[in-house]
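Every chain is numbered from 1, with letters handed out A, B, ... down the list of sequences. Please read all numbers here as calculations on a predicted model, not as lab measurements.
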Amino acid sequence: MTSEAPEEEFSIHWIRDVTEEVLKRNAAVFLISTGKSPSGSIHIGIMREIIIADVIKRELVRTGNDARTMFVVDDYDPVRSFPASVSLNLEDWVGIPYSDVVDEFGCCGSFGAHYANELIETFDAFGVNPEIIWTSKLYETPEMQDAVRICLKHTEVIRDIMIEYVANDFNEEQKERYIESMKNWYPASVVCPKCGHLQAGAKGAITPNRITSYNPESDMVSFECQACGHSDEVTLDRLRIKLVWRVDWPAKWHVLNVTCEPAGKDHSVKGGSYDTGLEVSRRVFDWPGPVKVPYEWVRIGGRDMSTSEGIVFTPRVWLSIAPPELYRYLLLKTDLTRAINIQPERIPDMIDEYERFERVYYGVEDANETRRELAQLVYPLCLSGDLSPEYIPKLPFKFATVISQLADILGHEATLEKCEQALKKQYGLEEVPQEAKALIEPRLERALYWVRGYGSERDRIEITEEVSQDVLSTLTDPDREFLAKVVELLHHKDLDEDSLQSAIFEAARGVGIKDRRAFVVIYRILISRKSGPRLAPFISTLGRGWVADRIASIL
RNA sequence: GGGCCGGUGGCUCAGCCCGGUAGAGCGACAGGCUCUUAACUUGUUGGCCGCGGGUUCGAAUCCCGCCCGGCCCGCCA
C-alpha cells in the first residue's frame, strides 16, 4: 500500500477492492479463471462469474498489466442426472463423463460440448472472450498427468486435509467412521477402459471407481470398476484418470497457473471446496493458489435457478429480450455479497435506468459528483463492444414495445421511419446518426420478444381482425354519426396530425357527444380498449386509409 | 449443528464499512403536451428504517440478543 491516509481511501466500487487484491500477486500474466460443468442448458448465473472475471481483467489491462481470462468446461465430470428436457435415458449414461455422452441433437461432439457451446456462443454478445479449456482434453496433457502423479504421491497429506475440512463439523462417531473410510482412499478415480464409467450408481448412491493402490516407484495404478466389475493394474499413463472434486480444482489451478477465480457461494463457504482447494494448493502444490472472489447467486423471479430442476433462464433468452450491457450493469452495480434477482417484467424500467446512467457518463444528463465518478469507472465496464466517443441516442424501450407491435400493420420501412422521427423529437436531432440507426432494429426485436413473453396485458396491443360484437353493441346513434365524420376527416389528405386531432374534437362536439366518449369509441374500434397512444399520431402509425376502412366497415 | 445474505414509503432497491437533513426508480394522484394517451414531461403523495436492549450529546448506520424470510455446508455458480 502506497497510501498512508486510509481514512480518505474508501473504495467507490467492489471492482477496485478486488483488483487491488489480485495485483498483490505480482504475476507476469494475471490469469482469471472461471468454470462450469455442462450438465444441461447452462443458466445465466454463470455469466455473473464470467463477467466478474472479465471486468477484473479489463481493470488490470487498463492499469497496464497483462491479464487474460479463461473458461474451463468441466466436461470430464460424470453424469449424475439429466434435466427433464433431455430425452436420453439416464441409466445408459449415468457415471460417464459428459465428454463421452452422445449429443442427442447431433450437432456437437458430445453432450458436454453441446451445452457448453450453447453458452460459449453468447460470449461475444456479452463482451467476454475467455480462452476455452475442456477438462476432458486437459487431463490428456502431460502437465495434468504430472499433477495427478503429484496428488497420488501426496495421498497422505490430502487425506489429512480432507479429514480436517470435510469432517470438521462431524460428531465423534461420524468422524471416526469418516476416518476409517479414508484409510484406503486415493484422491482419484478411473474411467473404466471396458465400460466407460467413472462411477456407478445414481444421485445419492454413487460409488466412484476409486484407485485402489498406487505405487510411486513403478507408477502402477490398480482399480476396480464399480459398474462392470472390470479390474486391472497398469501404469498411470495408460489410464484415463480424474481427480476427486476437491483436488481436481487445485490441480487445475496449479497446471493452468490461475491467479484469481470467482466462485459462487456454494463453493466459497467457509471450509468448503474452495478453502479445501487452497489448502491442497499450499500443502501439495506448494503455492498460495488463486485469489478467491466469492459472489452470491443470480435468481430469476425470486427463485434460485437450477439446471436439474429445469428453472433455467439462459444467456440466450436474456439476449432475446434485453441488451447484454444491461446484464453487465446489473452485475456491476450489485455488491458481490448480494443476490441479483432478475425480474423479466421489469426489464423496460431497468433499461431506462441503465440508459440514464449512460447519459450521465456522457454528461448529457445531470448528476452529482459521486454518480458521475461512478459512471466513469463503471460505464466502460458495462459495454460489450467498443466505447463510443460520443453519446449514441437510444430509442426509448417503452416506445419500442408499442411500435414493435404495430410493425406488421405499418410495414418495416414505415416502422423504422417512425422510430427515427421519435429519436429526432426526443433528442432534438436534425439527423439520426448512423450508429443510432443501427440500434433500432435489434431494439424493436427485443421489445417485441419482451412484450410477447413478459409484458403485462397493459403492454400488449392487440388489433383484432374484426371489430368485436361487444364493441359494436355499445355504439349509439350519435357515436355512429361521429364516426362517419371521422371517416370523412381521414380522407382529407391535407390535414396534418395536429389539425386532425383538433378536427376530431370538433366532430365530437358537432354531434353532441363528450370528448371522452369520442376517444373511448375510437380506441375500442381500433384496439378493443378504452384508451391508447395519443390518437392522431397513433392513427398515422396505423395508416389513415386502414383506420378509415376499419371504421367504415362497421357503419 | 456450522455459516452467509436480506428485513428501509404500495413494489424494487440505494444509504450502513466513514453515526449528525431518510433517498431513487416504479406505482398512485394531479398537471403539461388542445379537453383522449401506454412515449415524453412537471409536481404531489407516501416510511415510528423487523423487534428489544446497549454505546453516544446524537443510531437506519456501531455493539449485544431475538424474530421473520431466503440460502449454503455430498454433486450443483
Residue list, side chain to side chain contact (heavy atoms under 4.5 Å, CB included) with [X], at least two apart or on another chain:
X         : answer
Asp304(A) : Trp297(A), Arg299(A)
Arg177(A) : Glu173(A)
Met350(A) : Leu326(A), Leu330(A), Ile347(A)
Pro294(A) : Ser268(A), Lys292(A)

Can you tell me how far [atom1] in [N] sits from the matching atom in [M], rounded to whole Å?
N       : M       : atom1 : answer
rA60(B) : rG9(B)  : C1'   : 14 Å
rC63(B) : rC4(B)  : P     : 13 Å
rU42(B) : rG47(B) : P     : 24 Å

Any idea which of [options] is nearest the [X] side chain?
X         : options                   : result
Gln343(A) : rC71(B), rA39(B), rU12(B) : rU12(B)
Lys265(A) : rC72(B), rC5(B), rU12(B)  : rC72(B)
Arg246(A) : rC13(B), rG2(B), rC75(B)  : rC75(B)

Inset, instruction - List for me each residue that meets ring pair (Phe, Tyr, Trp, His ring centres under 6.0 Å) alongside Tyr165(A), sequence neighbours excluded, and say none if there are none. - result: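 For Tyr165(A), no residue satisfies ring pair (Phe, Tyr, Trp, His ring centres under 6.0 Å) once neighbours in sequence are set aside.
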Legend entry - Structure string for RNA chain B in dot-bracket form, Watson-Crick and G-U at under 3.5 Å, | interchain: ((((((((.[[[[.)....(..]]]].(((((.......))))).....[[[[[..)....]]]]])))))))....
